[in-house]
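As structure tokens, the structure follows; a few thoughts come after it.
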Amino acid sequence: MLEIFTAGFWSQYGALLAAGTRDTLIMTLVATVFAYVLGLPLGVALILTQPHGIRPCALLYRVLGWIINVGRSLPFIILMVAIMDFTKLIVGTKIGVLGAIPPLVISAAPFIARMVETSLAEVDAGVVEAAQSMGASTLQIVWKVYLPEAKPSLILGGSISIITILAYTAIAGAIGAGGLGDLAIRYGYQRRVDSMMLVTVIFLIALVQIIQSIFSRVSTRIDKRLK
Amino acid sequence: MNEHIIQIQHLNKTFGSGDGAVHALEEINLDIRQGEIFGIIGLSGAGKSTLVRCMNLLERPTAGKVIVDGQDMTALSEKELRLARRNITMIFQSFNLLMQRTCLKNVCFPMELCGVPADKARRRAAELMELVGLGDKADAYPAQLSGGQKQRVAIARALATDPKVLLCDEATSALDPTTTASILELLKDLNRKLGVTVVVITHQMSVIEEICSRVAILDGGVVAEQGTVEDIFSHPSTDAARRLVYPGGASVQQYGAATHAVRVAFNGGSAYQPLIASLAIECGVKVNILGADTRNIDGKAFGTMLLGLPDDPNDAAKALSYIRSQPDVAAEEVEYHA
């Protein structure tokens, strides 16, 4: 495995690793954005419609909760295979970076909805009540109270979501999505290139560390409760 | 303009239904006058917070009317209600400031909600911060302020929409006595300067005594007594009132079943009379101070004392008539049986 310190290793696998890292990052970031487009409104809807929310609606709350739980109970690899025809319908292919994005989004959105719900639940109910007492509409309470007040927590949740999606992309790699997961499976596992396995693992660890430290730092910096 | 800014008529509030129903408020009738400081006092669970939330319809009454500034709040549409709430704002025990906004932006908040242009809102917010004595804290975040300062910001925020009524829900209960006094002073001052009607919800008799002109005593969801603070203070006629008014807040029962006692209320005599000393010197009667809660407000004595009278009926009668002969002092014989 010491060949990872040799120029020969990097001239042989360097381009593959660069492309794999790029694909992993593209899948992770694009899927995270779309998963939040779905998950954030869902999380907000959960907070508003819960029994003590500002728009209680037991039926909607229960239906949303049920859908989210179904989404979360399917392991990613199963979901990915199960919805392949749907994936083809949406992005025109079942494989590659593009083919990985729909299942990543569908799998992560319910998870993100719960993360958002938890973050928003931390907002002091008294502050929400105060906004109501000043005549704030539901939309104003969401935009001007819930989201800004929960921002530090939402950002921390964001790091957990991104890292989860990053892990999913490695699984997606196993069935033809490309990225670092694909390299680890094809070279590290199937061809027994131990050095490739080692490098992909190191890259994944580094990515997670970088993402987590950036998000933690931003969350702390913008949180005005700590100063 | 209506003399009564808030009229509450036959108000009932029930939580839940069937066997588990809780009647939080029953048959409440209150009239709060324009420009006064009105107190609502009661022990925990008496329904005070529910009552104040029925005034701005954060809680919807189960039955009855809430008329604020001539408008029946219960009949308004949701949109009309949001507009009406700008007229009857609220401050809270836990301040409820937006923690991620500066103080100035907190005061801007209600103006943002109703579409006041940003620069105009900022100017007005700066004036209000000045008015509550925090002109230099505009750019600080709430987490950097003390409790009293936070409540001042909350007051500035509540005044941003020029309300006719300011509801104070246990606004001083989380503050130390000195800070409480300064916040009460500020409320009194704002009431005088701006003419804003103030409704004070509290469990502390001292708060009522300090700033209210009239008071309602809430007990178990009903108004046990209402009237001027002086009247209620010197002649509490219900058990609920006595529980609140007696020194220490406790019933006299704790002093023994057969104690023959007299409750003395100082109603703001021009100077504090050394009553007990003169009683001993001029009548030769010694009384026992069972409890006292008196204070000096603007050089006038206010508060109550509970005196245990001598066993001898003649001495007791002599003491009683002496106390009653004093100016601005009311005395009431109390006898409690366990």
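When reading the values below, keep in mind they use all heavy atoms of this one structure, side chains included, and skip hydrogens, waters and symmetry mates. Just so we're on the same page: letters track the sequence lines, and every chain starts at 1. The model shown is predicted, which means the values in this text are computed figures rather than measured ones.
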### Summary
Of the listed B:Asn56, B:Asn96, B:Thr161, the one with the largest count of heavy-atom pairs under 4.5 Å with chain A is B:Asn96

### Engaged part of A:Val145 at the chain B interface, taking heavy atoms whose separation is under 4.5 Å
both

### Message
Please rank B:Lys79, B:Arg157, B:Met90 by heavy-atom pairs under 4.5 Å with chain A and give me the top one.
### Response
B:Arg157

### Query
With distance as the sole criterion, is a donor-acceptor pair present between the side chains of A:Glu122 and A:Ser153 under 3.5 Å?
yes

### Task
Under 4.5 Å, heavy atom to heavy atom: which of residues 136-144 of chain A reach chain B? Give them by number, or say none.
A:Ala136, A:Ser137, A:Gln140, A:Lys144

### Message
Using a 4.5 angstrom heavy-atom cutoff, name the option from B:Leu58, B:Thr102, B:Thr89 with the most pairs to chain A.
### Response
B:Leu58

#### Entry: Distance-only polar pair, side chains of A:Asp223 and A:Thr220, donor-acceptor under 3.5 Å
no

### Task
Tell me yes or no: between the side chains of A:Arg114 and A:Asn69, is some donor less than 3.5 Å from an acceptor?
yes

### Query
Salt bridge or not for B:Arg124 and B:Asp162, using N-O below 4.0 Å?
yes

### Task
Check step by step if salt bridge (Lys or Arg N to Asp or Glu O under 4.0 Å) holds for A:Arg55 and B:Glu78.
CA-CA 12 Å; A:Arg55 289 266 161 213; B:Glu78 204 175 318; 2.2 Å; yes

### Message
Taking side chain as everything from C-beta outward and backbone as N, CA, C, O, which of these in B:Gln93 sits under 4.5 Å from a heavy atom of chain A? Side chain, backbone, both or neither.
### Response
neither

### Task
Quickly, which of B:Lys164, B:Arg85, B:Arg86 forms a salt bridge (charged side-chain N to carboxylate O under 4.0 Å, His left out) with B:Asp69? Name it, please.
B:Lys164

### Message
Tell me whether B:Phe15 at atom CZ has more than 12 heavy atoms from other residues, nucleotides or ligands lying less than 6.0 Å away.
### Response
yes

### Task
Check whether more than 12 heavy atoms from other residues, nucleotides or ligands sit under 6.0 Å from atom CZ of A:Phe34, and answer yes or no.
no

### Query
Within a radius of less than 6.0 Å around NZ of B:Lys150, do more than 12 heavy atoms belonging to other residues, nucleotides or ligands occur?
yes

### Message
Distance alone, cut at 3.5 Å: any donor-acceptor contact between the side chains of B:Gln34 and B:His4?
### Response
no

### Message
Heavy-atom cut-off 4.5 Å, strictly under: side chain, backbone, both or neither for B:Leu81 against chain A?
### Response
neither

### Task
Using non-hydrogen atoms and a 4.5 Å limit, figure out which bit of B:Phe109 sits close to chain A: side chain, backbone, both or neither.
side chain

### Query
Measuring heavy-atom distances to chain A, does B:Ile88 have an atom under 4.5 Å in its side chain, in its backbone, in both, or in neither?
backbone

### Task
Counting only heavy atoms closer than 4.5 Å, note whether A:Ala131 contacts chain B via side chain, backbone, both or neither.
both

